[in-house]
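Below is one structure, written out as structure tokens, with a few remarks after it.
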Amino acid sequence: ANQYEPIYSFGHFHHDTEADFLQIQTTTTTTTTTTTDDDTKQADTNNPVATTTTTTTKEAALKETVETNTTTNNDSNNFVDDTTVTTVTTDTTKAATKLIPDESNNTNNNNPSDNHELLPLLPDVIEDIMGYLLNSLHDPATIVRWSAAKGIGRLTERLPQICAEDVLDHLLQQIQRASPENTSIWQGSCLALGELARRGLLLPEQLEWVMTPVVLPALHYDHHHHHHHQSKSSGCTSTAAVRDAACYTYWAFCRAYAPTILQPYYETLSRALVVTSLLDREVNGRRAASAAFQESVGRQGGSSPDSINVITTADYISLGNRTDCYLRIAPLIFQYPQYQRPLLDHLRTRKLYHWDMDIRILASQCLGILLCQWKKNDKNQDYVNDVILFELLENSTNSDLRMRHGAVLGLAESFKSLDDKSLPLNDNMQKLSNLVPTIEKLRLYRGRGGEIMRSALCRYIECYALQQFPLTVPQQVRWLDSCDEQLRHSSETIQQAASKALRELTHTYFNRTPSPRLQKRVVDKYLRLVQTSTHLAETRGYALALGVLPRPLLVASVEVLESILQTLKQAAHPNARVGTIRDAETRRNALQALVAVVLQVGISKNQSTNNDDSDSTTTTTTTTTRRQESGKLK
């Protein structure tokens, strides 16, 4: 086959006759007999009776010759039937096969190994059909690609093995040349490979061309493009369809091949399937990966005794909720050592930088839980400090919004796994404490995506302060200024995140009797803005901030506490106005802050009064006590 130049796009075959695939190898005696018959026929053309008699005699003689040759050489695999003999001797119909005898070996045709091996002869229509099916693999419609893949499998099953090799070469070249955003080619090619594998048309030595270069990347294929949110009628293929097709391909491999053949690829692909079943964005992708993993364990005989536990833990029902997969099921699977590093690597390299913001948030939370659950030893801690923290720090100031947003969230949640003994001793710790002013200096709050960066940085401050990592006094004040800036933002989500960050920051670094400067900087500033500001975002945010301050700042003096309660009460009044507007959000935040202050400061049990004056703190205490006694407030 290698002696011929490729004639069609997918093969090396040249059609030279209307013959089918049947090949007849003839011996020297058969060839000689055929030649003699042709001469006799030419001589008796004008005598029909003689021609009929001669034809009968020729058929009998030729049959005797074939029987003699068959007896002499039982391994020659020669096949001559009555129809073929009649066709050769009478020459009244067109030949059904093409004979290409090797004249150099006419003297020794009894040895089958010396016979000339002939190329299969394919009709032009077969070439055309196969080319059409291969082109249909990247059709915009999913049903067309799926039908084309099945047609390729069925047609290739009826062709010689060399045809299957050419089809495989075409599929691999098609994937190699496709752009990352061309999901149609990836899905169609994976489906075609799965159909070929189901029918056993891929040889074991060809699996190395398919498993690692195609199936493994397809399992994690998740490129975002602007067509993703369009409907199916628009002709767009989502990346979830590619991952689903990859799961089907591996499922087909597990059913078609023996465990010894798939052994070199089993561990790598099984771990990839488990990761996909836990962390895939789509429920269909998670369930498809789980089904493929279950098939591999059942057919291939999983080498790990934990495989059954994984199947029962991550079953069809439990994988239906994405949040549960990230925050509950993934930590359960993480207890098995063979899945620990694959899960961590997938989170830090892919899911933290996913195009979907919800996935980035879930991935950061999952990373924090897994790192807390990871066994503390020198090797694991070096991996956290030198690999995870280092990479996330490098990406926290990346120009790509997805990269820096996921990196900041990943750093924030990773703090949960660190303590005083596991803190990085190199420059990483200094970079961590200076990350907030660094991002602000680079103006990464501005432009598209600035809001989600503000929320991420608030979460970073919250988690950093929650672990009580060291900060200098100028750094503490700088972070406090950052929280104040986020509190007056117009987005309610950012205000809520800033209030949480302010709570942990003040409770960790300012939970002491305040100096006059600190009192003026925090409490007095917030009170003044709630009372006098005409900006809706400021009154909402700073009213919320008064409810998260630590007790020493709230009870610095009786006058301070009473001023806080009076300000919140007035802001929560139904007739309260911000400028000329009655703002419901300001009243709601003031009520929430009022409850938080009361819970933070506490109420003395021996205080009671019947005074109905609503302008005093005693009245608030009496009202709360009466509601508790009546069972309305528990």
Side-chain angles (χ1 to χ4, degrees), residues 8-11 124-159 163-164 166-199 201-202 210 213-253 255-256 276 280-292 295 354-356:
Y8 297 93
S9 61
F10 77 97
D124 288 339
V125 65
I126 301 298
E127 298 275 358
D128 297 338
I129 292 174
M130 182 61 77
Y132 182 80
L133 290 175
L134 290 172
N135 290 332
S136 299
L137 288 178
H138 48 84
D139 190 90
T142 302
I143 186 64
V144 175
R145 295 192 299 273
W146 179 223
S147 301
K150 291 190 290 186
I152 289 173
R154 293 170 181 172
L155 182 57
T156 306
E157 188 177 18
R158 290 159 174 82
L159 296 178
C163 300
D166 286 331
V167 172
L168 176 61
D169 291 341
H170 179 87
L171 294 175
L172 296 179
Q173 292 177 7
Q174 192 170 245
I175 293 177
Q176 186 178 5
R177 297 171 183 173
S179 62
E181 292 79 13
N182 197 333
T183 56
S184 298
I185 290 182
W186 273 89
Q187 190 211 15
S189 300
C190 287
L191 291 175
L193 290 173
E195 291 298 323
L196 294 178
R198 280 187 61 191
R199 294 164 171 82
L201 301 178
L202 301 182
V210 177
V214 178
V215 178
L216 188 59
L219 281 174
H220 302 315
Y221 185 94
D222 204 359
H223 297 278
H224 178 56
H225 48 86
H226 66 282
H227 294 298
H228 182 81
H229 297 289
Q230 295 181 2
S231 62
K232 294 182 180 179
S233 61
S234 64
C236 166
T237 304
S238 67
T239 56
V242 179
R243 299 191 297 274
D244 184 80
C247 294
Y248 168 73
T249 302
Y250 185 66
W251 174 87
F253 276 111
R255 291 178 63 90
T276 302
D280 194 272
R281 180 178 182 268
E282 307 295 338
V283 60
N284 291 337
R286 295 193 297 271
R287 287 173 172 173
S290 177
E295 188 73 21
H354 197 270
W355 54 266
D356 188 351

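Just so you know, these numbers use all the heavy atoms, side chains as well, and skip hydrogens, waters and symmetry mates. Not measured: the values here are computed from a predicted model.
Inter-residue side-chain proximity for Leu196 and Leu171 is flagged as met; some heavy-atom pair is nearer than 4.5 Å.
Interatomic distance, Leu193 CG to Ile152 CD1, rounded to the nearest 0.5 Å: 9.5 Å. Note: Arg145 CZ to Leu133 CG = 14.5 Å, rounded to the nearest 0.5 Å. Here Leu201 contributes atom CG and Thr156 contributes atom OG1; the two are 6.5 Å apart, rounded to the nearest 0.5 Å. Remark: Arg243 CZ to Ser238 OG distance equals 7.5 Å, nearest 0.5 Å. Between Gln176 atom CD and Ile185 atom CD1 the span is 12.5 Å, to the nearest 0.5 Å. Distance CD/Glu282 to CG/Asp244: 10.5 Å, rounded to 0.5 Å.
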- Message: Between Asp166 and Met130, does the side chain to side chain contact (heavy atoms under 4.5 Å, CB included) criterion hold? Intermediate values first, please.
- Response: CA-CA 11 Å; Asp166 286 331; Met130 182 61 77; over 6 Å; no
- Message: Before you tell me yes or no, could you show the steps for Val210 and Phe253 under side chain to side chain contact (heavy atoms under 4.5 Å, CB included), namely the whole-Å CA-CA distance, both residues' side-chain angles and the distance that decides it to 0.1 Å?
- Response: CA-CA 11 Å; Val210 177; Phe253 276 111; 3.8 Å; yes
- Task: In sequence, state the C-alpha distance, the side-chain angles, and the governing distance for Tyr248 and Glu195, and then conclude on side chain to side chain donor-acceptor pair (under 3.5 Å).
- Result: CA-CA 9 Å; Tyr248 168 73; Glu195 291 298 323; 2.6 Å; yes
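Smallest separation of non-hydrogen atoms from Arg199 and Gly153: CD-O, 3.3 Å. When every heavy atom of Gly285 is checked against every heavy atom of Thr276, the shortest pair comes out as O-CG2, 4.3 Å. Across all non-hydrogen atoms, the minimal contact from Ala197 to Ala256 is O-CB, 2.9 Å. Nearest approach of Ala245 to Gln187, heavy atoms of both residues: CB-CG, 3.8 Å. In this structure, Pro217 and Val214 approach most closely via the heavy-atom pair CD-O, 3.3 Å.
Salt-bridge annotation for Asp222 and Arg281: absent, with no side-chain N of the basic residue lying under 4.0 Å from a carboxylate O of the acidic one.
At least one donor-acceptor pair under 3.5 Å links the side chain of Thr249 to the backbone N or O of Cys190. No donor-acceptor distance shorter than 3.5 angstrom exists from the side chain of Arg255 to the backbone of Trp251, with no hydrogens or angles considered. Counting only distance, with no hydrogens or angles, the side chain of Arg286 and the backbone of Asp280 share a donor-acceptor pair below 3.5 Å.
In this structure, Tyr221 and Trp186 have tilted ring planes: the angle between them lies in the 30° to 60° band.
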